[in-house]
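The structure appears below as structure tokens.
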Amino acid sequence: MSVALDEARAALLTGDVPVGAVVLGPDGQVLGLGRNAREAEGDPTAHAEVRALRAAAAVAGSWRLDGCTLVVTLEPCLMCAGALVLARVPRLVLGAWDPKAGACGSVWDVVRDRRAVHRVEVVGGVREDECAEVLREFFADRRP
């Protein structure tokens with residue numbers, strides 16, 4: 001989670017919502033890093049999770065990320081949860097839950113839906129306070 005938090009803080013430099021992600025291979029090796037870059041890239045799909053999954057797939061040489069773990073500072077949204085399922089990632093470790101747009105147990109539970117092509121184990125609340133604080137500080141400056 002430390003690596004994901006570093007990525008989240010780096011997103012602050014471009015004015016992006018501070019969310020960071022890392023994909024770990026079956027052996028624990030870092031395969032891909034990602035941070036939100038929607039503002040920086042002008043791309044609505046440039047979420048931390050999608051960017052980390054793309055980087056990991058490039059390193060692995062396959063879109064199937066069997067045996068990998070995605071670690072992310074904020075519960076993934078619908079798009080990212082769908083990407084996680086489609087990449088066949090078996091395990092998700094998340095920091096803060098997202099009660100407004102979370103799709104891994106809060107608002108929706110896409111990753112554990114029995115109708116999905118693949119189900120993901122979810123480990124939530126890892127360093128939750130620290131992950132949430134980075135987001136609170138970011139939004140405190142933008143929302144009155």
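These figures come from a predicted structure and were not determined experimentally.
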Answer yes when Arg115 and Asp113 have at least one side-chain N-carboxylate O distance shorter than 4.0 Å, and no when they do not.
yes
So Lys100 and Asp98, salt bridge (Lys or Arg N to Asp or Glu O under 4.0 Å) or not? Walk me through it.
CA-CA 5 Å; Lys100 293 181 182 177; Asp98 186 349; over 6 Å; no
If you define the side chain from C-beta out and look only at heavy atoms, does anything of Leu74 sit under 4.5 Å from Leu94?
no
Any chain of hydrophobic side-chain contacts (each under 4.5 Å) joining Leu24 to Val89?
no
Are Thr45 and Arg54 packed together at the side-chain level, in the sense that at least one heavy-atom pair is separated by less than 4.5 angstrom?
yes
Give the intermediate values and the outcome of side-chain contact (heavy atoms from CB on, under 4.5 Å) for residues Leu65 and Leu53.
CA-CA 8 Å; Leu65 297 174; Leu53 290 170; 3.6 Å; yes
How close do Gly25 and Cys68 get, counting heavy atoms only, and between which atoms?
CA-SG, 3.9 Å
Are the charged groups of Arg51 and Glu41 less than 4.0 angstrom apart, N to O?
yes
Under 4.5 Å between any side-chain heavy atoms of Glu128 and Val126, yes or no?
no
Worked verdict on Arg127 versus Ser2 for side chain to side chain donor-acceptor pair (under 3.5 Å)
CA-CA 9 Å; Arg127 295 175 67 178; Ser2 293; 2.6 Å; yes
Please report the closest heavy-atom contact between Ala116 and Arg119, naming both atoms and the distance.
O-NH1, 3.9 Å
Where do Val111 and Val85 come nearest, in terms of heavy atoms and distance?
CA-CG2, 3.8 Å
Minimum heavy-atom distance Ala52-Val23, with the two atoms named:
O-CG2, 3.7 Å
Can you check whether Met1 reaches Cys131 side chain to side chain, under 4.5 Å on heavy atoms?
yes
For Met79 and Val50 the tightest heavy-atom approach is CE-CG2, 4.1 Å
Can you hop from Val120 to Val71 via hydrophobic side chains spaced under 4.5 Å?
no
ILVMFWY network linking Val134 to Trp97, side-chain heavy atoms under 4.5 angstrom:
no
Quick one: do Val19 and Phe139 end up in the same hydrophobic cluster if we chain Ile, Leu, Val, Met, Phe, Trp and Tyr together by side-chain heavy atoms under 4.5 Å apart?
yes
With side-chain hydrogen bond (donor to acceptor under 3.5 Å, both in side chains) as the rule and sequence neighbours excluded, what pairs involving residues 67-94 come up?
Glu75-Ser106
Heavy atoms, side chains only, cut-off 4.5 Å: are Glu49 and Leu70 in contact?
yes
Measure across Pro18 and Leu135 and return the closest heavy-atom pair with its distance rounded to 0.1 Å.
O-CD2, 3.7 Å
Taking the side chain as C-beta and beyond, is there a heavy-atom pair between Trp63 and Leu86 under 4.5 Å?
no
Nearest-0.5 Å distance, CZ of residue Phe138 to CG of residue Leu12:
7.0 Å
Can you find a pair of side-chain heavy atoms, one from Val3 and one from Leu5, that are under 4.5 Å apart?
no
Same cluster or not: are Leu92 and Val22 linked, directly or through other Ile, Leu, Val, Met, Phe, Trp or Tyr residues, by side-chain heavy atoms under 4.5 angstrom apart?
no
Heavy atoms, side chains only, cut-off 4.5 Å: are Asp16 and Glu39 in contact?
yes
